[in-house]
Student: 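Sharing a structure here in structure tokens format.
Here is the naming used below: chain letters follow the sequence lines, and residue numbers restart at 1 for every chain. Source: prediction; values computed, not measured. Below, each value reflects all heavy atoms present in this structure, side chains not excepted, and no hydrogens, waters or symmetry copies.
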Amino acid sequence: MGEILNIKGISKRFDDLTVFKNISMKVAAGEVVVIVGPSGCGKSTFLRCLNALEAIDDGEISLDGETIGSDSKNLNKIREKIGMVFQSYDLFPHKTVLQNLTLAPVKVKKADRKEAEKEALALLDRVGLLSKKDNYPRQLSGGQKQRVAIIRALMMHPEILLLDEITAALDPEMVREVLDVVLSLAKEGRTMIIVTHEMQFARAVADRMVFMDGGKIIEEGSPEDFFEKPKTDRLKKFLHSFTYEK
Amino acid sequence: MGFEVLLKGSNMIRLLGGLLVALRISLVSVCISIILGTVLGVAMTFKSPVVRGVLRVYLEIVRIMPQMVLLFLVYFGATKAMGINLSAEAASVIVFTFWGTAEMSDLVRGALKGIPKIQYESSVALGLSNVQTYAYVIVPQIIRRMIPLSINLITRMIKTTSLVMMIGIVEVLKVGQQIIEANRKSSPNAAFGVFLTIFGLYFIACWPISRLSKHLEKKWSA
Amino acid sequence: MDFEVITSYLPRYEKAFFLTIRIGWLGILLSFAIGILSAFLIHFRVPILSKIMDVYVEVFRNTPLLVQLFFIYFGLPKAGISVSAESCGIVGLGLLGGSYMSEAIRSGLDSIPRMQTESAVALGLTKPQVFFSVIFPQALTLSAPAVIANVIFLLKETSVFSAISLMDLMFTAKDLIGLYYNTTEALFLLVVFYIVMLLPVSVLGSVIEKKARFRMLGD
């Protein structure tokens, strides 16, 4: 399995505050990496650096051997290959679901509109939202919007998908429908880096678990080792905060 | 270029006096408008369709009719229709109050609409009477929303008072014209300097107020 | 009310009405042009020019049209720049209106959440594509209510044109009242013509406002 993403010693600072320092990670094709950790430890910022929404201060990120730089043509190409879904399911409110899905492929990849629409409809069908194709975002529930957001990212045929706490803002009943979509994507071999705090989901979907705290990778490993035999105290404490005993 | 005219004698003072006339009309009108407007704004929330219908027509009239037309109607029309000889200043105050009340009532109604019903319900649940609810819970909340918009109304009123020269009130523009006329021989270019100065005076009168309003809006929206 | 008097006055009012409409809408068009330019310069923080626009907007929003007209029509000729009454009306309305339109459009642009830009960028859209396909359409809808309010405001402001001797509706009314003392008829026609000028715009404005709210908020 080839390696797609190579992150070498990256750091990020906001003024005096170091968000994360010297993080290195390699992600192979088809691998699902799940990052968990306490709030505010830099997980989201880390993800945003991967597709250059935030600039890194040190280190290097390369995708398929190509370094992600701050040159703009390079950036647009990179972003076609890296798909990202955010916590806030920001669909474009002035466009229908179908238009939301076809906008980027048509404008960026110069895809044929009819082809793009066919693909969009197929994807909508797959997540059970075909009937909503002509609706506007405001007519959809949070879970529905988030599923559309995921498909919208998929329409660009990214090599790797970044998911940033995509269920954090959803009502509990809707979390399942979204995570089911992610699970099916994992099953079909998508490369993904997922930030989440849905622990059971993480365990089911991950090929590799990463625990981040205070801007550093504290521990990483296979899901079984991670959850059953945590090595560091910090991870033990973190996992404990999710389990209740009467 | 005409600025020297203003340094002659009491010209500048007269100019400022004219501005004061404008400010006076605005101030009186604003005060009455706030009181009446608040009452009407609350009245708008009553369920009676007649009350709401009448108020809506009133607001639409104010929305459509230029203040200039209203001034003409009141100043020339009142004399004709009711035989009373209305002073230009009185007519101005009536028109500005008519306008101001409509806008204030709309402001109040909008602000009240933004208060969630739950506020009324919790107050009642705590045992507060209607009056107490309004006085202690509702009004303090809407005041913050209303102040920047009210200040905006005040600035607009100050600017609109420039119109009253058209019905003969000697405010700053008219004074300016008088000064220019009086000095036609000695300072033929007075018009430039005088009107530029008046331009500046209005700016100085309105800008700080609008900055204050922006500042308050920023401060209170966070 | 004497209907014969009314019919005899009608032609004069009609002529004045069309004059007002013509100068008014030309001024409004100019204000759109200036407003859009200014809003863009300020929103994109273009160096120097955005500062100039900031000053322009503050100055013209805080001074009355009448004063601006007096300065342009009576004051500028003394400095060598001479304008016709009509041009003065159009330019004055355009400059005043431009400052209001600038604020309305800029505030629409500014109020689009950053996430919209970020989501679009994350999909690989270039900066111009992000602006024209995602940001600008939303900005138009968001600023529509303010823009409509400004149009109505500017049309109402045309009522001061008589001050620079333009033979508009107010001028006609004042003239007729002064000459013939048929105050009631003169005022009646004055009101009627202003209603004809503004009511359609006001109604259309409310419709557009409602549609804009619905598009953005769904209520």
Student: Among L73(B), T155(B), I209(B), I180(B), which residue forms the greatest number of heavy-atom pairs with chain C at distances under 4.5 Å?
Tutor: L73(B)

Student: Using side chain to side chain contact (heavy atoms under 4.5 Å, CB included), reason through R63(B) and S206(C) one step at a time and then give a plain yes or no.
Tutor: CA-CA 12 Å; R63(B) 179 164 138 112; S206(C) 300; 3.5 Å; yes

Student: Please round to the nearest 0.5 Å and tell me the distance separating atom CD of Q177(B) and atom CZ of F70(C).
Tutor: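 Rounded to the nearest 0.5 Å, the CD-CZ separation comes to 4.5 Å.
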
Student: If I measure from the heavy atoms of chain B, does E157(C) come under 4.5 Å with its side chain, its backbone, both, or neither?
Tutor: neither

Student: Measuring heavy-atom distances to chain B, does L199(C) have an atom under 4.5 Å in its side chain, in its backbone, in both, or in neither?
Tutor: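 For L199(C), the contact with chain B is made by backbone and side chain together.
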
Student: Minimum heavy-atom separation for T63(C) to F199(B), with atom names?
Tutor: CG2-O, 3.4 Å

Student: For the CE atom of M65(B) and the CG atom of L198(C), what is their distance to the nearest 0.5 Å?
Tutor: 7.0 Å

Student: Quick one: closest heavy-atom pair of A191(B) and F74(C), and the distance?
Tutor: CB-O, 3.3 Å

Student: Are F203(B) and V59(C) close enough, and set up right, to give a side chain to side chain contact (heavy atoms under 4.5 Å, CB included), and what steps lead you there?
Tutor: CA-CA 7 Å; F203(B) 183 72; V59(C) 167; 4.1 Å; yes

Student: Distance check, rounded to the nearest 0.5 Å: F153(C) atom CZ versus R156(B) atom CZ?
Tutor: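 Between F153(C) CZ and R156(B) CZ, I get 8.0 Å after rounding to 0.5 Å.
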
Student: Could you check V160(C), L69(C), L66(C), L65(C) and say which one makes a side-chain contact (heavy atoms from CB on, under 4.5 Å) with S162(B)?
Tutor: L66(C)

Student: Just so I understand: if I count every heavy-atom pair under 4.5 Å between each of E60(B), R211(B), M68(B), K159(B) and chain C, which residue has the most?
Tutor: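 Most heavy-atom pairs under 4.5 Å with chain C: K159(B).
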
Student: Let me confirm one number: the CZ-OG distance from F72(B) to S159(C), rounded to the nearest 0.5 Å.
Tutor: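 These two atoms lie 9.5 Å from each other.
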
Student: Atom CG of residue position L179(C) - does it have more than 12 heavy atoms of other residues, nucleotides or ligands inside 6.0 Å?
Tutor: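 Yes - once you tally the heavy atoms of other residues, nucleotides and ligands closer than 6.0 Å, there are more than 12.
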
Student: Among I198(B), I204(B), L196(B), which residue has the highest count of heavy-atom pairs closer than 4.5 Å to chain C?
Tutor: L196(B)

Student: Which label fits F71(C) and F192(B): parallel for a plane angle under 30°, tilted from 30 to 60°, or perpendicular past 60°?
Tutor: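 Geometry flag for F192(B) against F71(C): tilted rings.
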
Student: Taking atom types as modelled, is there a side-chain donor on R61(C) or S210(B) under 3.5 Å from an acceptor on the other?
Tutor: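 Short answer, no.
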
Student: Quick check on the interface: out of L76(C), T184(C), V191(C), who has the most heavy-atom pairs with chain B under 4.5 Å?
Tutor: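 The option with the most such pairs is V191(C).
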
